[in-house]
Amino acid sequence: VEFRVKLSVNAVSLWELSIYLFLLMPDVSMRRLVWGRANNFSWKRLSRRFGMHRVTIYYKYLSALKRLCDDLDEEKNLKTRQKLQKLLNI
């Protein structure tokens with residue numbers, strides 16, 4: 001039995017963009033933290049996984065998102081920002 005998944009153009013574009021954004025994060029642990037929150041893992045579960053207090057994990061998460069936003073604010077990523085705005089209908 002074969003399963004086929006039909007993806008829309010927007011779904012593929014969003015996937016490509018998310019992979020690109022993750023590559024902008026230099027630290028693998030930051031990628032895992034952001035990915036974990038995107039998958040609705042609780043702060044408590046993430047704190048156990050990373051061996052830190054949940055408030056510390058929260059601040060690291062905010063730091064990772066801020067660093068990602070700062071990278072997108074640079075002029076060289078204008079095309080990526082425009083693509084993100086188009087996908088999010090901003």
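Only heavy atoms go into these numbers, but all of them, side chains included; no hydrogens, no water, no symmetry mates. On a predicted model such as this, the values are computed, not experimentally measured, just so you know.
Expressed to the nearest 0.5 Å, how far CE of Met30 lies from NZ of Lys60 amounts to 6.5 Å. For the atom pair Arg32 CZ and Asn39 CG, the distance stands at 13.5 Å (nearest 0.5 Å). Taking CG from Leu46 and OG1 from Thr56, the interatomic distance works out to 12.5 Å, rounded to the nearest 0.5 Å. To the nearest 0.5 Å, the span separating CD1 on Ile57 from NZ on Lys44 amounts to 14.5 Å.
Transitive grouping of hydrophobic side chains (ILVMFWY, heavy atoms separated by less than 4.5 Å) keeps Leu33 and Val28 in distinct clusters. Leu65 and Tyr20 fall within the same hydrophobic cluster, defined by Ile, Leu, Val, Met, Phe, Trp and Tyr side-chain heavy atoms under 4.5 Å apart, directly or through other members. A single hydrophobic cluster is seen to contain both Val55 and Tyr61, as judged by linkage of ILVMFWY side chains at heavy-atom distances under 4.5 Å, directly or through other members. Hydrophobic clustering, with ILVMFWY side chains joined whenever heavy atoms are under 4.5 angstrom apart, keeps Leu7 apart from Ile19. When hydrophobic clusters are built by joining Ile, Leu, Val, Met, Phe, Trp and Tyr residues whose side-chain heavy atoms come closer than 4.5 Å, directly or via intermediates, Trp35 is grouped together with Met52.
Summarising the geometry of Arg54 relative to Trp43, their closest heavy-atom pair is CB-O, 3.9 Å, with the distance given to 0.1 Å. Of all heavy-atom pairs spanning His53 and Ser47, the tightest one is C-CB, 3.9 Å.
For the pair Phe22 and Val34, the minimum side-chain heavy-atom distance is below 4.5 Å. In this structure, Arg49 and Arg45 have side chains that are not in contact, with every pair of non-hydrogen atoms separated by 4.5 Å or more.
Other residues, nucleotides and ligands place more than 12 heavy atoms under 6.0 Å from the CZ atom of Arg31. Under a cut-off of 6.0 angstrom, the local environment of CZ in Phe50 is crowded, with over 12 non-hydrogen atoms contributed by other residues, nucleotides or ligands.
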